[in-house]
Amino acid sequence: MNHFPRRHALAALAGAALALSLTTPAFAQKKLTLGFAQVGAESEWRTANTASIKDAAAKAGINLKFSDAQQKQENQIKAIRSYIAQKVDVIAFAPVVTTGWDTVLKEAKAAKIPVVLTDRSIETSDPSLYVTMIGSDFTEEGRKAARWMLDNVKGDVVHIVELQGTVGSAPAIERKKGFEEVIAGKGSYKIIRSQTGDFTRAKGKEVMEAFLKAEGKKINVLYAHNDDMAIGAIQAIEEAGMKPGKDVIVISVDAVKGAFEAMMAGKMNVSVECNPLLGPQLMDIVKDVVAGKPLPKRINTKEGIFTADIAAKEFPNRKY
Ligand code: AHR
């Protein structure tokens, strides 16, 4: 029996395998694993953000390990530790709050697992603990909200109530800061109440009820750090017999579909955009990090502002 053809075939196969291993970079041969620790499911924004990450990972061929921290920092820390133990290639997370990350991030660094921050930033004395941060400029979002108010709401005295996001979170701190920065020195604009509604509809409604009980018709403007809290508050305003969007001007952040519906119904006046569709960019970053490509320390997303008068025209274009 002649074994030549079989030997030839085996040699050709071995040659092809060698050629592939020489021409294909090592990182491209193995399916990458990304461990992602999400904040929770507190808002329409977050739901869209999670969907974007899951969808983009599947499209990019990245194996995604996903956990939902239910808005608790300790759950995120646990998830990060479990990703370290599982030796994932990259860890990404949207930090619930800004502080308290150094210990766990040092553990990731010791395990040589790069960390990417998405959506929210952290405070750390050692910026080498993460590679890059991708997300919105929350301070600018706060400034945009205040500038719109100065241009559109006039009066001898304008009484504002503020629904803050989660205490200690980057969007709550920075949206407050940006807003206050713009109204500073404008004597007629006064924040008369400010409290957290934890970025949820239920809490937004509950806190707005308390604001209305205390201040009643004195309230001219509601500034909510996200649309879900604004939507909850709109319900409270209606139940108090007032007209949201008219008696109380409603200014919010995110520009999710729910906000467009409220604007089209005349119950919300403006929503500053915060883009949750970070998935595709995150997957590119994951590949770049593993490939050792240099990345900027901060990557900002581009965003606009949407007012009630253009809501109906824009609504069909909205993706979240
Ligand atoms: O960090 C982004 C913020 O978190 C969104 O504006 C808010 O809706 C979410 O819960």
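Atoms within a ligand are numbered from 1 in the order they appear, just like the ligands themselves. Sequential numbering from 1 along the given sequence is applied to the chain's residues.
- Annotation for ligand 1: atoms under 4.0 Å from non-hydrogen atoms of S43 are 7 (C), 8 (O), 9 (C), 10 (O).
- Using a 4.0 Å cut-off between charged nitrogen and carboxylate oxygen, E314 and R318 do not count as a salt-bridge pair.
- The closest approach between any non-hydrogen atom of R175 and ligand 1 is below 4.0 Å.
- Backbone and side-chain nitrogen or oxygen atoms of H225 are examined, and none is located within less than 3.5 angstrom of a nitrogen or oxygen of ligand 1.
- Under 4.0 Å is where a charged nitrogen must lie from a carboxylate oxygen, and between E239 and K205 at least one such pair does.
- Residue E42 has at least one heavy-atom neighbour below 4.0 Å for each of these atoms of ligand 1: 4 (O), 9 (C), 10 (O).
- Using a 4.0 Å cut-off between charged nitrogen and carboxylate oxygen, K144 and E273 do not count as a salt-bridge pair.
- Between E162 and K176 there is a salt bridge, with a side-chain nitrogen of the basic residue lying less than 4.0 Å from a carboxylate oxygen of the acidic one.
- Residue contacts with ligand 1 leave out V253, since none of its heavy atoms falls under 4.0 Å from the ligand.
- Below 4.0 Å from some heavy atom of N226 lie the following atoms of ligand 1, by number and element: 7 (C), 8 (O).
- D89 and K30 are joined by a salt bridge, as a carboxylate oxygen and a charged side-chain nitrogen come within less than 4.0 angstrom of each other.
- Taking every heavy atom of D254 and a limit of under 4.0 angstrom, the matching atoms of ligand 1 come to 5 (C), 6 (O), 7 (C), 8 (O).
- No salt bridge links R147 with D151; every basic N to acidic carboxylate O contact stays at or beyond 4.0 Å.
- Ion pairing between R201 and D228 holds under the 4.0 Å rule for side-chain N and carboxylate O.
- Each of the following atoms of ligand 1 lies closer than 4.0 Å to a heavy atom of P171: 1 (O).
- The shortest N or O to N or O distance between R120 and ligand 1 is under 3.5 Å.
- The shell of residues lying under 4.0 angstrom from ligand 1, judged by heavy atoms, includes D119.
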